[in-house]
Amino acid sequence: MDRREFLKASLAATAAGVAGLGIPVAAPASETGPGALVDVNVNLGRWPLRRLRFDDTAGLAAMLRSQGVTRAWAGSFECLLHKDMAAANARLAADCRREGTGLLLPFGSVNPMLPEWEEDFRRCVEEHRMPGLRLHPNYHGYTLHDPVFTRLLGMAAKKGLVVELALIMEDERMMHPLLRVPPTDPAPLAGVVKRIPGLKLVIVNGLRTLRDKALAEVVSAGDVSVEIGMLDALNGVGDLVAALPEGRVLFGSYAPLFYFESAALKLQESPLADAQLRAVRYESAKRLLPAFA
Amino acid sequence: MKYEIWDDHTHLVEKLGATPEEQIGKILKFADRVGISRLVLFMGTFEGTYNLSPEQLRRANDLILRAIKPYPDRVFGYVYLNPKHTQASLDEMNRCIRDGPMVGVKLLVAEYCNKPTLDPIIQRAAELKAPVLQHTWIKITGNLPDESTPMQLAELAARHPQAALICAHSGGDWEMGLRAIRPHPNVYADLCGGDPTSGYTEMAVREIGAERCLYGSDIGARSFSSQLSKVLGADIPESAKRLILGENLKRLLKPILETKGVKL
């Protein structure tokens, strides 16, 4: 496949559903071919404050497939506020399994502020066979200074899990007055990452609080990647790819809370070389989870 | 191209170049990549303050005049004003709109927009057929001093039913902002500036009608892509998307653009 064919296939898959912008309708995407697209930032379940289009698993999966997504790393909105994390994680795993095509990979959550949280960790790994975790320190009430955070990351690294660290879930300025959750402070992160060999970390919804020099420092501290769900600047993906080491920028839509088209159009807005586009779309995610490429 | 897309809210982007000419040239290349045909541009510089002096306003507007000059049929300017300097603002409207190429007014964070100091500006804008785009936000973290809300804009709209007012960002907290402007048919909802949160545009269309919604990007602070997704990804009829993406702004600006000899 030459460059022209690759770009045509990948842009078409990205923009399927982004109608009206002069881009051809997507051909069916293969999982590892140029049309592959791994979305590392989707959530199942209901957002606590609003009903969303696609907040049913079947609907979300159908939408993702229609957009050319071949694999989606799925967390659960339930894991933000539910104290029965085991039940939330079990539902997440069952929903992903029930979807049936392998599109959805469950990323359960562990709240290390809960008693005997290690059992939730064990079930995620051993019972649900989850390939990764998604952590929400600001919703669960701990900071990245907390030794339990380092311990949890260490446990995940030993099991070969990818850890997704969500720094925020919504704009702090427009939160419900009774549910104000400050962003997680990423300042300690580079130091923590350096202490955990083998850690594979993806920062989710992080590009509003972590930028420029601080971002570069965290990413260079270990195997740390970022996804583009909350990246919002003209030529944002182009600038980010240029600023970070190769293979550290992942495609994330933050669907269904965000319109999926936001992330898809970012790839169109930024003029990326075909190798860069391939890396963002699937190769960098594939490197992190080769068994689920 | 399925849609004709007009962007009602753009700024210069400093990282793209040292001059406004250089910046707008590159902005248009990115606009081409996502199919945006025409842009409204305003507010050349902050100069570190929301309360610009008359001299600072002129400097900011001069940057926009330079940027739009090479593209009279594609990039349209709004004049940036400070209602705390009412006469200077009226003079600047005459310089940039009556005697110049600009076609609208931008108000940011210099004065609460329900203050009577705005009245002469709004009246003059209506005479010139120029829409007024007022920044609004409702922050649970606390607004800036003199930062207006949609509720204050609604008060202004009630006093000036003949003026076309644009509620920038729909108040940020759009579930609140859209309610506030709903009763005022002369107020348009500018959908840009906040996150591309699902449901935003659906609520706007449901509550105030697609005819009163405008696509904007707020580039300089945001991206074309995230804000386009609010319309392209919304569960609304195709006819509504066409209105929001271009037809409404075209209709709104047509009278003043025709006086400037702009090709539509």
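Just so we're clear, the structure is a prediction, and the values are computed from it rather than from any experiment. Letters A, B, ... are given to chains in the order of the sequence lines, protein chains preceding strands, and every chain is numbered from 1.
With a threshold of 4.5 angstrom between heavy atoms, B:Glu202 approaches chain A through its backbone and through its side chain. Contacts of B:Leu16 with chain A are made by side-chain atoms alone, with heavy-atom separations under 4.5 Å and no backbone atom involved. Looking at A:Pro256, the atoms closer than 4.5 Å to chain B (heavy atoms on both sides) all sit in the backbone: N, CA, C or O. Residue contact with chain A, scored on non-hydrogen atoms closer than 4.5 Å, involves the backbone and the side chain of B:Lys230 alike. No part of B:Ala31 comes within reach of chain A, as not one of its non-hydrogen atoms sits under 4.5 angstrom from that chain.
In A:Arg65, the CZ atom is crowded: over 12 heavy atoms of neighbouring residues, nucleotides or ligands sit closer than 6.0 Å. Shown here is B:Glu14, whose CD atom has no more than 12 heavy atoms of other residues, nucleotides or ligands within 6.0 Å. The neighbour count for B:Met176 CE, taken as heavy atoms of other residues, nucleotides or ligands under 6.0 Å away, does not exceed 12.
How far CG of A:Leu231 is from OG of B:Ser223: 7.5 Å, rounded to the nearest 0.5 Å. Rounding to the nearest 0.5 Å places NZ of B:Lys29 at 12.5 Å from CG of A:Asn235. For the atom pair OG1 of B:Thr197 and CZ of A:Arg50, the computed distance is 6.0 Å after rounding to the nearest 0.5 Å.
For the pair A:Asp232 (side chain) and B:Arg222 (backbone), a donor-acceptor distance under 3.5 Å is absent. Panel note: side chain A:Glu269, backbone B:Ser225; a donor-acceptor pair is recorded below 3.5 Å.
Electrostatic pairing of B:Asp173 and A:Arg173 does not count as a salt bridge here, judged by no charged N lying under 4.0 Å from a carboxylate O. In this structure, A:Asp171 does not pair ionically with B:Lys139, as no charged nitrogen and carboxylate oxygen lie closer than 4.0 Å.
For the side-chain contact (heavy atoms from CB on, under 4.5 Å) test with A:Tyr259, the passing option among B:Leu228, B:Leu232, B:Thr201, B:Val231 is B:Thr201; the others fail.
Under the 4.5 Å side-chain criterion, counting only non-hydrogen atoms from C-beta, A:Asp239 is in contact with B:Lys15. At least one side-chain heavy atom of B:Asp195 sits less than 4.5 Å from a side-chain heavy atom of A:Arg208. Within the 4.5 Å cutoff, no side-chain heavy atoms of A:Phe260 are placed close to those of B:Ser198. The closest side-chain heavy-atom distance from A:Met174 to B:Trp137 is below 4.5 Å.
Highest contact tally toward chain A, considering only B:Val13, B:Asp235, B:Leu245, B:Ile219, is held by B:Asp235 [criterion: heavy-atom pairs under 4.5 Å]. Contact count against chain A (heavy-atom pairs under 4.5 Å) is highest for B:Pro196 among B:Ser226, B:Gly172, B:Gly220, B:Pro196.
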Test B:Ile140 against A:Arg180 for side-chain contact (heavy atoms from CB on, under 4.5 Å), laying out the working first.
CA-CA 9 Å; B:Ile140 193 69; A:Arg180 296 181 61 183; 3.8 Å; yes
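Between the side chains of B:Ser229 and A:Glu261, no donor-acceptor pair is found at a separation under 3.5 Å.
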